[in-house]
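Let me begin by presenting the structure, written as structure tokens, before commenting on it.
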Amino acid sequence: MKSIQILVLILLLPLTVISQNKKYTSFLTALQEPEKVKWLDLDCKELTDLSSNIKKLPNVNSFYLTDCKLKEVPEGIEGLKNLTLLNLQGNNLSSLPDRLVKLHKLSVINMRNNSFSTLPKILTSFSNLREIDLAENHKLDFEQACKVLSEVKNLDFLYLSRNKLTALPSGISTLKKLKELHLENNPDLNFEQAFEVMSQVKSLRILVIADNNLNKIPQNIDFLQQIEGLVLDNNPNIQIEDLAHRIQNLTNLKVLLYRNNNVEHLPDNLSKFSSLKLLELSNNKFSEKEKSRIISGLPDTKIIF
């Protein structure tokens with residue numbers, strides 16, 4: 001049961017867990033108590049002071065430099081010896097400098113919404129790197145990217161959301177430790193082909209395919225016998241009877257998130273959901289009577305409305 005609780009926690013909370021430490025948004029406040037600063041989320045206008053001031057903050061482990069339209073990573077970041085999370089979302093980056101190799105503790109990097117056409121090889125230098133966000137990088141050569149990702153030895157979380165994918169790169173099958181894959185907002189993706197590729201990733205446990213305007217779940221989803229958690233939020237065109245038929249064949253599926261889908265009723269026969277430990281149905285249109293029926297019909301499943 002402990003593993004199920006961990007899986008539920010992962011699904012219900014953001015994967016990149018933000019520290020509960022105080023967030024500092026300027027050097028002016030950060031330098032007043034430099035030893036306490038662990039989370040630095042700078043305004044873009046602070047860039048001119050970055051190189052000289054960053055070295056005065058020895059304990060930063062989460063650094064955000066987002067939506068600044070940067071074309072290059074500014075000097076000084078490599079001085080953050082305790083950095084575990086680097087967020088570069090919303091810039092115009094197409095490369096990463098070799099000097100970042102000094103970030104020996106880096107475990108999470110967010111490169112979302114940038115201008116990468118090829119994935120920098122430097123990512124393979126981070127022995128602790130586990131989570132990479134490549135969402136909204138429409139220019140990226142994903143087959144080349146997968147060759148690089150296959151050399152990131154401990155990669156287990158990968159985000160490919162909003163990338164206008166029509167096919168899942170075959171190289172995904174080489175990511176032997178991948179546990180969680182995010183494919184939200186890729187409505188033109190051939191999911192039948194994608195499931196075939198994912199079936200070769202035996203380590204995969206959580207699949208997020210929310211916001212994809214799906215009409216039905218391809219039959220070959222039963223190739224994904226390793227999946228324990230499935231997120232199908234914001235897919236209101238899926239027929240609930242079809243969904244129930246498909247998931248009953250996923251023998252290891254324990255958690256299903258099906259939020260924001262305008263659903264009013266589950267099938268009369270609820271037995272196809274009975275193997276679930278958690279069924280998340282919030283922001284749908286169930287009546288109180290239907291909620292009671294679902295709860296009583298699935299006594300061994302945690303239901304969230």
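Excluded from the calculations below are hydrogen atoms, water molecules and symmetry mates; all remaining heavy atoms, backbone and side chain alike, are included.
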inquiry  = I'd like to know if V255 and I304 are part of one continuous hydrophobic network [Ile/Leu/Val/Met/Phe/Trp/Tyr, side-chain heavy atoms within less than 4.5 Å].
reply    = yes

ask   = L65, L28: one ILVMFWY side-chain cluster at the under-4.5 Å cut-off?
value = no

[Y] side chain reached by [X] side chain, heavy atoms, under 4.5 Å:
X	Y	answer
F116	M111	yes
I109	D133	no
D67	N91	no
N59	V37	no
Y64	L40	no

Are the charged groups of [X] and [Y] less than 4.0 angstrom apart, N to O?
X	Y	answer
K302	E280	no
E78	R99	yes
K22	E33	yes
K177	D156	no
R205	E228	yes

Take atom [atom1] in [X]; do more than 12 heavy atoms of anything else shown fall under 6.0 Å from it?
X	atom1	answer
Q239	CD	no
K69	NZ	yes
D98	CG	no
K71	NZ	no

Checking side-chain polar atoms at under 3.5 Å, does [X] have a donor or acceptor matched by the opposite partner on [Y]?
X	Y	result
K164	N186	no
E264	S287	no
T251	Q225	yes
E180	H182	yes

So which atom in [X] and which in [Y] form the shortest heavy-atom distance, rounded to 0.1 Å?
X	Y	value
L140	L134	CD2-CD1, 4.1 Å
F63	L42	CE1-CD1, 3.8 Å
Q248	K272	OE1-CG, 3.4 Å
Y258	N235	OH-O, 4.1 Å
L155	L175	CD2-CD1, 4.4 Å
V101	S125	CG2-CB, 3.7 Å

Closer than 3.5 angstrom, by distance alone: can the side chain of [X] be matched with the main-chain N or O of [Y] as a donor-acceptor pair?
X	Y	value
S203	L178	yes
K38	E35	no
N114	L88	yes
N212	A210	yes
N154	S127	yes
H138	R162	yes
Q226	I206	no
N260	D233	no
N284	V263	yes
N61	L85	no

key: Qualifying ring-ring contact (aromatic ring centres under 6.0 Å, His included) pairs with a residue from residues 278-305, counting only residues at least two apart or across chains   = F286-F305

Spacing of CG belonging to L123 relative to CD1 belonging to I132, to within rounding of 0.5 Å = 5.0 Å

inquiry  = Just to verify, what does C68 make a disulfide bond (SG atoms under 2.5 Å apart) with, not counting sequence neighbours?
reply    = C44

query = Looking at N113, T66, N110, which one forms a side-chain hydrogen bond (donor to acceptor under 3.5 Å, both in side chains) with Q89?
reply = N110

Listing, residues 215-223 side-chain donor-acceptor contacts under 3.5 Å, not counting sequence neighbours, or none:
{"from": "N220", "atom 1": "ND2", "to": "E192", "atom 2": "O", "distance (Å)": "2.8"}

